[in-house]
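Structure first, then comments.
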Amino acid sequence: MLDVRNLEAFYGESIVLNDINLHVPNGQIVCLLGRNGVGKTTFLKSVMGLVKTPKGSIKFNGEEIVKKPTYYRARQGISYVPQGRDIFPQLSVHENLLLGLEASGGNGNIDEEIYELFPVLKAMLKRKGGDLSGGQQQQLAIARALVSKPKLLILDEPTEGIQPSVIQEIGRVIKQLNSEANLTILIVEQYLEFVVEVSDYYYVMEKGIIVTEGFTMELNQEEIQKRMSI
Ligand SMILES: Nc1ncnc2c1ncn2[C@@H]1O[C@H](COP(=O)(O)OP(=O)(O)OP(=O)(O)O)[C@@H](O)[C@H]1O
Ligand SMILES: [Mg+2]
């Protein structure tokens, strides 16, 4: 579904990603691991067209999108939940969800399925986004990314700063979306147990390059943990 080859990314003159090759097969959950500052978010922004990528290829369902603008990529079915969630604090939960429709150029309806996935949101539709807990905001951000019915959902550190019970809830929803709706998912994560719990395949990034990859079932937790800690 997503096929990234020999990708380089820059901020100004400085190179942040070097020769990245990463593949997300249709129907799978793929995780990108790595410690702080290695370039994980930059990679996701590259996929969304939010940073300069003068070299390399990004194919989505066979189509080259590396030079396409962000809105085009969103309309092709890529939906992105940024790190830190980017909820609009002054807008209500419902208004935040409606923004997800606009981003994709869709019409004005939010499927009931969204509230079935996140019952907590249904109870809080009129509440301001900024008044939700961190975990509820993360659920709102994921729900907002889903209202456009994406083919590929991209999540940047969905467990960051969230209590364990909500992490479990988010993990359950991610697995359900994948198994029942056949949604393909790419997750950046530093929390190894979550990666082991949800993903099929993993990549580990160090300083802008991919250093190891494999099937999650065969992942050696001790070895990966060593690469993740400083
Ligand atoms: N807008 C920017 N302009 C210049 N440099 C940036 C910018 N954003 C990030 N960087 C630098 O690029 C490198 C990679 O940052 P990035 O945010 O991709 O890392 P990350 O792996 O997502 O880290 P974290 O786990 O802390 O979120 C870092 O050295 C960072 O300081
Ligand atoms: Mg990041």
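Every number for a ligand or one of its atoms is a count from 1 in the order of the listing. Note that these values count all heavy atoms, side chains included, but never hydrogens, waters or copies made by symmetry. Just so you know, these numbers come straight off a predicted model, no measurement behind them.
In the vicinity of Gln190, heavy-atom distances shorter than 4.0 Å reach the ligand 1 atoms 25 (O). Atoms of ligand 1 found under 4.0 Å from any heavy atom of Thr41 (numbered from 1 in listed order, with element): 17 (O), 18 (O), 20 (P), 22 (O), 27 (O). Near Gln83, with a cut-off below 4.0 Å to any heavy atom, the atoms of ligand 1 are 27 (O). Short contacts between ligand 1 and Thr42, defined as distances under 4.0 Å to a heavy atom of the residue, involve ligand atoms 14 (C), 15 (O), 16 (P), 18 (O).
For atom 5 (N) of ligand 1, the closest non-hydrogen atom on the protein side is Tyr11 CD1, 3.3 Å. Among protein heavy atoms, atom 25 (O) of ligand 1 sits closest to Lys40 NZ, 2.7 Å. Closest to atom 28 (C) of ligand 1 among all protein heavy atoms lies Gly37 O, 3.6 Å. Residue, atom and distance of the protein heavy atom nearest to atom 19 (O) of ligand 1 are Gly39 N, 3.3 Å. Closest protein heavy atom to atom 26 (O) of ligand 1: Asn36 ND2, 3.0 Å.
Remark: ligand 1 and Gly34 share no N or O pair separated by less than 3.5 Å (distance only, no angle test). Taking any N or O of Val16, backbone or side chain, none lies under 3.5 Å from an N or O belonging to ligand 1.
There is a protein heavy atom less than 4.0 angstrom from atom 10 (N) of ligand 1. For atom 30 (C) of ligand 1, no protein non-hydrogen atom is found at a distance below 4.0 Å.
Heavy-atom contacts from other residues, nucleotides or ligands closer than 6.0 Å to CD of Glu113 number 12 or fewer. Within 6.0 Å of the CD atom in Glu193, the count of heavy atoms belonging to other residues, nucleotides or ligands does not exceed 12. The neighbour count for Glu95 CD, taken as heavy atoms of other residues, nucleotides or ligands under 6.0 Å away, is above 12.
Ligand 1 lies out of reach of Lys45, whose nearest heavy atom is not under 4.0 Å from it. Residue Met205 places every heavy atom at 4.0 Å or more from ligand 1.
Considering the Mg ion (ligand 2) as centre, the angle to OG1 of Thr41 and to OE1 of Gln83 is 80° (10° rounding).
The CD1 atom of Ile162 sits 4.0 Å away from the CD1 atom of Ile170 when rounded to the nearest 0.5 Å. Taking CG of Leu153 as the start and CD1 of Ile187 as the end, the distance is 8.0 Å to the nearest 0.5 Å.
Remark: the Ser46 side chain and the Thr53 side chain contain no N/O donor-acceptor pair separated by less than 3.5 Å.
Listed for the Asp200 side chain is a donor-acceptor partner under 3.5 Å among the backbone atoms of Ile29. In terms of modelled atom types and a separation under 3.5 Å, the side chain of Arg35 and the main chain of Arg227 share a donor-acceptor contact.
No salt bridge links Lys226 with Glu223; every basic N to acidic carboxylate O contact stays at or beyond 4.0 Å. Under the 4.0 Å criterion applied to side-chain N and carboxylate O atoms, Glu112 and Lys122 are assigned as salt-bridge partners.
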